[in-house]
Novice: 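Below you'll find the structure I mean.
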Amino acid sequence: MKLTIGHLYPDLLNLYGDRGNIQCMMKRCEWRGIEAQTISYRLEDPIDFDKLDIVLLGGGSDREQMLVCSRLKEIRDDFKRFVEKDGVVLAICGGYQLLGNFYETKDGKIEGLGLVDLYTVQKKGRLIRNIIIKSELFERPIVGFENHGGRTCIKDNKPLGKVIYGKGNDGKSGYEGVIYKNVIGTYLHGPVLPKNPDLCDYILKKALERKYGSVELLPLDDTQEHQANEYIVKRYEDKMQNLKEEILRRI
Amino acid sequence: MKLRRVLAVRAAKLVGKISRKMGRQGVTWAGLVARLIYPDILQDLAGQLRGKSFIVCGTNGKTTTNNLLCSAIEAEGKKIICNRTGSNMQNGVVAAFVLAADHHGKIDADYACIEIDEASTLRVLPRFKPDFMVLTNLFRDQLDRYGEIDMTMEILKKAMQMAPDMVLLINGDDSLSTALAMDAGNRYLTYGISEKVFDGDENSEIREGRFCKKCGAKMKYHFYHYSQLGDYECPNCGFKRPKIVYDASHIFVGDHLEFDVENRRICANYRGFYNIYNILAAYSAGRASGLSMNHFQDTLTHFNPENGRMEHFFIDGTKVELNLAKNPAGFNQNIAAVMEDETPKDIIILINDRFQDGEDVSWLWDVDFDRFKEETICSITVTGIRCLDMRLRLKYVDIPAQVERNVEKAIREKIKNGVGNLYVLVNYTGLYSTRNTLKRMEEESR
């Protein structure tokens, strides 16, 4: 079995350890004897989506997202076809915003890829903190770190999870991220995959199944992954800790 | 105003004394109290300086550069004010002046060397207009606090424009610093390294500034030193590495550092290529202000920063080196410096996620830890609040690590059972306490 991961524009969209998500997917394939390769695309490179099983779209600064935006228009149709044919996509933060119809900032409107019917509006104050969400897909909570000025409205789409601690899509709805077909959009950095191996394996499995039919992934020893995950979950079960961090944040 | 000044100075000194008794550095509170009593205290005291004033900004190397500059200027026979402890927010800056004043609120000093946190420049520069700003470099750091590097640049630009007569001394090898200096409009001078030092181009490293800050086109690099530092040129708008005023050449990087500048050979008993920039920045700043810097080599030879930057301790036969590593660019340089030592070694890595560290530890994945996959690395122990994240990071480059939550226990274990050569790499909030622990252990072992 073989997987090909396309990393879109790491030159520009590589904030907050996005590289770790690639490393995580590659390693978890390698440990199971699944062949995996990553193709990093620069802005000027043509992309043949038929060759790709997983697409990673990371986050960038607003300025960098503007630079990417004009290029996105040119690949939009191919990307859309990939998504509609159940191609697997992981979009983080800025990448998540670009999945939608538009991202409205104080300097203007960035047109999105329109792959998922959602939109983002920048508001005053960034939502910055550790975040814990509970997804129906997995038993364990998903943990990460959020840092975004944009508030995302996912309309009737399914969220990735319910916010247990943190702010999520817009700080109000109580939900975080989006799932549409095999596309996952989320604000979670961390990077998100290493501390949430269930999510990483879900992505790998979806990609393999699309290609090879029913697949069972070999179990791995995830003790270290789970311990790092549990540390964050436990930390915010402590109400005093929540209060302390809230106070420190405000002074 | 005189009464207020005297009151502010005396109250601040008292507060400083009390909080030092309570085991703190005591600087921040002193500055705060002085400011509350007399908001214009900084303006008042800084105005009494007889000579020039410098501020040092930039992501990495601020403290080392500032302290070296301060020592070098002292060696030229000048009296100087400096925030040596690295308290670099508004209160720390105010405290440096207040604690240097006498009981009448009078300053007896020629020069001032003040390091300032980038985000604090907007609060300091309205009251204190330095003659020079040394900008060491701009790297990604604590993205959760500063948002992104573009925002840090915006802040610094505003700060520079608040003091239009302030001359900038910038690292010309850094395209971000250069673009910023041009954009701000202040007069600027440059230091840098025009010769290619390292072979090969390691494209894996996460770099800022791949795209021109002026026009957005992809930049062409003739070579990289590290991170985005190198010889760059924009093929679209013509923006390029400026002519370097203080140019280091004939570089040697190994178990010590050597280079030429202005026909002087400079030697330093440090490892780590990045230290060439720190030394060069301090030298250039002194020269730019008109000093001869004839005693610079002497200062450098005897320079002992005692602040946890490459600081050495000897404990029961083990050589311990403590160093600060708080962002990807700094950590990668630290790893390179550790690997210059080809003898067997143990490593302890401490990662905290307190507010001053940055609460987001994602940056660990932007550090090239796979370079630790060498036989000379006998063990890696992880400690600190986010030790489990650090262990996981290493797992994904196939490096096993032991967890020991207690720093002192981790150090003791390696002194007892290690190879006698220990490196302790810590991020910001771990530095002060780890240094105290090591100092105490060193004294106990004597």
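Residue numbers begin at 1 in each chain, while the letters A, B, ... track the order of the sequences.
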Novice: A/N130 versus chain B, heavy atoms under 4.5 Å apart: side chain, backbone, both or neither?
Specialist: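 Contact with chain B involves the side chain of A/N130 alone.
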
Novice: For atom NZ of B/K373, decide whether the heavy atoms of other residues, nucleotides or ligands shown that lie under 6.0 angstrom number more than 12.
Specialist: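 Count over threshold, so yes.
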
Novice: Could you tell me which portion of B/I385 (side chain, backbone, both or neither) has an atom closer than 4.5 angstrom to a non-hydrogen atom of chain A?
Specialist: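 For B/I385, backbone and side chain are both near chain A.
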
Novice: Considering only heavy atoms and a distance below 4.5 Å, find which of A/H189, A/E225, A/Q227 pairs most often with chain B.
Specialist: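 Most heavy-atom pairs under 4.5 Å with chain B: A/E225.
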
Novice: Got a sec, which residues hit salt bridge (charged side-chain N to carboxylate O under 4.0 Å, His left out) with A/R235, two or more places apart in sequence or on another chain?
Specialist: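 So A/R235 forms a salt bridge (charged side-chain N to carboxylate O under 4.0 Å, His left out) with A/E245, B/D353.
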
Novice: Between atom CG of A/D18 and atom CH2 of B/W365, what is the distance when rounded to the nearest 0.5 Å?
Specialist: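 Rounded to the nearest 0.5 Å, the CG-CH2 separation comes to 12.5 Å.
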
Novice: B/L180 and B/L156: which non-hydrogen atoms are nearest, and at how many Å?
Specialist: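 Taking every non-hydrogen atom into account, CD2-CB, 3.8 Å.
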
Novice: Please classify the contact between A/E146 and chain B as side chain, backbone, both or neither, with a heavy-atom cut-off of under 4.5 Å.
Specialist: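 Neither part; nothing is under 4.5 Å.
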
Novice: Measure distances from B/V367 to the heavy atoms of chain A and classify the residue's part below 4.5 Å as side chain, backbone, both or neither.
Specialist: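 Just its backbone gets close to chain A.
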
Novice: Could you tell me which portion of A/R129 (side chain, backbone, both or neither) has an atom closer than 4.5 angstrom to a non-hydrogen atom of chain B?
Specialist: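 Interface part for A/R129: neither.
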
Novice: Under the rule for salt bridge (charged side-chain N to carboxylate O under 4.0 Å, His left out), what residues qualify as partners of B/K213, not counting sequence neighbours?
Specialist: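 Only B/D150 meet the salt bridge (charged side-chain N to carboxylate O under 4.0 Å, His left out) criterion with B/K213.
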
